[in-house]
Amino acid sequence: MIKRLAKCVREYKKPSIITLILIIGEAIIEALLPFITAALITLLSPSADGIAHEIDIEQVLIYGAILIVMAFASLACGAFAARTCAKASAGFAKNLRHDIFAKIQTFSFINIDKFSSSSLVTRMTTDVNNVQMSYMMLIRVAVRAPLMLIFSTIMAAVMGGILAVAFVIVIPILAFGLLLIGKTAMPAFRRVFKKYDRLNESIEENVRGMRVVKGFSREEYEKEKFGVRAENIRGDFTKAERIVAFNQPLMNLSLYIVMVVVLLGGSYMAINGLGGVGVGQISSLIVYGVQILMSLMMLSMIYVMITMSIESAKRICAVLNEEPALKISDSPVTEVKDGSIDFDGVSFKYSEAAERYSLEDIDLHIKSGMTVGILGGTGSSKSSLVQLIPRLYDTTVGTVKVGGVDVKDYAVQTLRDSVAMVLQKNVLFSGTIKENLRWGNENATDEEIVEACKLAQADEFVRSFPDGYDTKIEQGGTNVSGGQKQRLCIARALLKKPKILILDDSTSAVDTKTDALIRAGFKSYIPQTTKIIIAQRVASVEDADMIIVMENGKIAATGTHDELIKSNAMYREIYNQQTRGGNENE
């Protein structure tokens, strides 16, 4: 896990190393400052018998100058370390987010199905922030605190002699207490991450389904559901923070014990001239005591933060280490000859654990340039069938060929550049209409964009907007209707000029006249393209070269409209129901 995360440091290794060097320098100077201060106080203090002595001003000035130089050196080291540390940790987080996002782009739908979208968002935000904070503490605080603990303990032993026994007694007690606090708080911190996923899921569902929520007046229910999940997170954090809050009083107690022992014991020894202890040594011991206890406190904070971030790091590495389900050929084919499609003995299920196949025993052969319609009831696996063509999923059994080549032998980008899909749930992105359309062809001219929109029957309504093709599309395309969104997505697919065009029930929100005009546009604009149309209306596929009727994941029948009317009862029943319904409405 550490090795995997370390790869994300990359170009930020230099500021990370500089931070470590500066922190070491700062720790050494901080440990020496009380030693020099003690020497200066001893120089200014009266002798052990209380008789004042002549003060060497030159020596005082030298010590003062040394202290000033050391203080500024410590300040410079700390300031530059903070800057380089911030640069290194922020850069590390940037690379981490980039690598997670890039990895997700390589996933097939099988990989994506393992992680919910809300969980992936949490991993790229909350989890990355936790790991970033830990990295910052590791290269700065986690270096400074142990060094200060070691240096201060050594200097306290050198300066205080027998008085340093107070540290020997207090440090183990404090360390044990801080470890116990951290260990007790960890289970609550671990539980929080999964609850963050559920909280983000609630937000995502609510925002996406805002119209449904309002349509069913479920605002209060959604607020209550969100409130429960937020309260669960608050409860776990409160419990953990309540335990961690004992850190400060425990440290204060230890500090006061050390101060009492040092002041009482040191004063007695100084007054009675024992052990050569003076005022300077006593003051330095108190300072070293504060440094030692603060170092232990910082170590406990690091322990808590790193333990929290380990869970985050595991979740991040689960994404980074996920192997894409789509295996790429060592010498992939980089050109699709034509739009012919062959399914040879194909069976498919979404996971190995699934008990039954979604598609079973599919043998299908489509010639390039054909128009193919697919009909079937809900759950008949129409969408599953077409998703195998651009390798959104791989077959479980059998092969799918495009242009006479197994889709697994193509470079994924080559294959998908040759296949355009317009889904039932169409997606438009934030930006202008023109920018959305150029997803189909980033180099498309304005004239080509207008032509594609005319063929998709979208040009008229686009021009009705005040800004025309420069109209801004809001997130999720909420400022256009379902039918408008479908037509824009069809225009986007047409700009791609693909070898294969798949329409997955993507004209369901347009009227039959517009549907017919769109299909007529296909014949004139992309005559050589293989067109696969999944539809609920027989009218949408009636003039297709071949119609496929699906039932329970199998092909029940194939043929032209006239052939199926005569030979297939299911198709005939669907046709009669729809035409009778049309006559009754006239």
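Ring geometry for F429 against W439 counts as parallel: the plane angle stays under 30°, on a 0 to 90° scale with 60° as the upper cut. Ring pair Y350/F348 is perpendicular by interplanar angle, where above 60° counts as perpendicular and below 30° as parallel.
Shown here for K337 and K499, the closest heavy-atom pair between the two residues is O-CE, 3.7 Å. Pairing each heavy atom of S368 with each of Q528, the nearest pair is OG-O, 3.8 Å. Nearest approach of L564 to G559, heavy atoms of both residues: CD1-O, 3.7 Å. When all heavy atoms of D511 and R537 are compared, the pair lying nearest together is O-NH2, 4.2 Å. Of all heavy-atom pairs spanning A535 and V541, the tightest one is CB-CG1, 4.0 Å. Across all non-hydrogen atoms, the minimal contact from N436 to R492 is O-CD, 3.1 Å.
Enclosure of atom NZ in K13 is not indicated, since only 12 or fewer non-hydrogen atoms of other residues, nucleotides or ligands lie within 6.0 angstrom. In this structure, H365 places its NE2 atom where more than 12 heavy-atom neighbours from other residues, nucleotides or ligands lie under 6.0 Å away. When the shell of 6.0 Å around CZ of R4 is examined, it contains more than 12 heavy atoms from other residues, nucleotides or ligands. A 6.0 Å sphere centred on CZ of F115 holds more than 12 heavy atoms belonging to other residues, nucleotides or ligands. Within a 6.0 Å radius of CE in M133, no more than 12 heavy atoms belonging to other residues, nucleotides or ligands are found.
We find the CG-CG distance between D394 and L388 to be 8.0 Å, quoted to the nearest 0.5 Å. The CD atom of Q387 lies 6.0 Å from the OG atom of S383; values are rounded to the nearest 0.5 Å. Note: I366 CD1 to I341 CD1 = 4.5 Å, rounded to the nearest 0.5 Å. Residue C8 holds its SG atom at 11.5 Å from CZ of R97, rounded to the nearest 0.5 Å. Interatomic distance, OG1 of T396 versus CG of L359, reported as 9.0 Å (0.5 Å rounding). Rounding to the nearest 0.5 Å gives a distance of 10.5 Å between CD of Q486 and CG of L423.
Screening V450, V462, D470 for a side chain to side chain contact (heavy atoms under 4.5 Å, CB included) involving K434 leaves a single residue, D470. Across R315, K314, Q132, a single residue satisfies side chain to side chain donor-acceptor pair (under 3.5 Å) together with D127, and that is R315. Applying side chain to side chain donor-acceptor pair (under 3.5 Å) to Y135 and the options S309, S89, S16 leaves one that passes, S16. Considering L415, V400, I328, T395 as possible partners of K408, the one that fulfils the side chain to side chain contact (heavy atoms under 4.5 Å, CB included) test is T395.
Using modelled atom types, no side-chain atom of D344 and backbone atom of G398 make a donor-acceptor pair closer than 3.5 Å. The backbone N or O of A102 sits nowhere less than 3.5 Å from a side-chain atom of Q105 that would complete a donor-acceptor pair. Between the E563 side chain and the T560 main chain, a donor and an acceptor come within less than 3.5 Å of each other. For the pair Q457 (side chain) and K513 (backbone), a donor-acceptor distance under 3.5 Å is absent. Panel note: side chain R229, backbone K225; no donor-acceptor pair is recorded below 3.5 Å. Listed for the D409 side chain is no donor-acceptor partner under 3.5 Å among the backbone atoms of V405. For R463 (side chain) and G468 (main-chain N/O), no donor-acceptor pair under 3.5 Å exists by modelled atom type. Between the S380 side chain and the E551 main chain, no donor and acceptor come within less than 3.5 Å of each other. For S464 (side chain) and F461 (main-chain N/O), a donor-acceptor pair under 3.5 Å exists by modelled atom type. Here the side chain of N479 pairs a donor or acceptor atom with the backbone of K472 at under 3.5 angstrom.
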Practice item. Apply the test side chain to side chain contact (heavy atoms under 4.5 Å, CB included) to residues I433 and I473: give CA-CA distance (whole Å), side-chain angles for both, the deciding distance (0.1 Å), then the verdict. Key: CA-CA 6 Å; I433 289 176; I473 296 292; 3.7 Å; yes

Point to revise | Worked verdict on R438 versus E435 for salt bridge (charged side-chain N to carboxylate O under 4.0 Å, His left out) | key: CA-CA 5 Å; R438 283 202 170 111; E435 288 169 347; over 6 Å; no

Exercise for review: Would you sort out whether H561 and Y571 count as a ring pair (Phe, Tyr, Trp, His ring centres under 6.0 Å), showing the intermediate values?
Suggested key: CA-CA 9 Å; H561 170 73; Y571 184 82; 5.6 Å; yes

**Study point:** Verdict with supporting geometry, V480 and F465, side chain to side chain contact (heavy atoms under 4.5 Å, CB included)
**Key:** CA-CA 10 Å; V480 291; F465 296 140; 4.2 Å; yes

Exercise for review: Given ring pair (Phe, Tyr, Trp, His ring centres under 6.0 Å), test F92 with Y12 step by step and report yes or no.
Suggested key: CA-CA 7 Å; F92 169 65; Y12 296 97; 9.2 Å; no

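A 4.5 Å side-chain heavy-atom check between R123 and V319 finds at least one atom pair inside the cut-off. You'll find the side chain of V402 reaches within 4.5 Å of the side chain of I389, heavy atoms only. You'll find the side chain of E448 reaches within 4.5 Å of the side chain of T445, heavy atoms only. Put simply, the side chain of L392 reaches to within 4.5 Å of the side chain of M421, judged on heavy atoms. Side-chain contact between I316 and M1 is absent, with no heavy-atom pair separated by less than 4.5 Å. Side-chain atoms of D545 and V372, non-hydrogen and from C-beta on, never get closer than 4.5 Å to each other. Looking at I555 and I362, their side chains come closer than 4.5 Å, going by heavy atoms from C-beta outward. Proximity of I518 to I490: side-chain heavy atoms (C-beta onward) are separated by under 4.5 Å at one or more points.
Salt bridge status for D99 with K103: absent, with no side-chain N to carboxylate O gap under 4.0 Å. Salt-bridge check for K554 with D361: failed, with every basic side-chain N at 4.0 Å or more from each acidic carboxylate O. Using a 4.0 Å cut-off between a side-chain N of Lys or Arg and a carboxylate O of Asp or Glu, D543 and K523 qualify as a salt bridge. D338 and K367 are not joined by a salt bridge, as no carboxylate oxygen comes within less than 4.0 angstrom of a charged side-chain nitrogen. D406 and K401 are not joined by a salt bridge, as no carboxylate oxygen comes within less than 4.0 angstrom of a charged side-chain nitrogen. Remark: K496 does not engage E442 in a salt bridge, criterion side-chain N to carboxylate O under 4.0 Å. For the pair D562 and K566, the salt-bridge criterion is not met [side-chain N within less than 4.0 Å of a carboxylate O]. The residues E451 and K454 are annotated as not salt-bridged, no charged nitrogen and carboxylate oxygen being separated by less than 4.0 angstrom.
Counting only N and O atoms by type, the side chains of T84 and T19 include a donor and acceptor under 3.5 Å apart. Side-chain contact, Y357 with S381: no donor N or O sits under 3.5 Å from an acceptor N or O. Under 3.5 Å, the side chains of Y469 and D459 contain a donor-acceptor pair of N or O atoms. Inspection of the D515 and S540 side chains reveals an N or O donor paired with an N or O acceptor under 3.5 Å.
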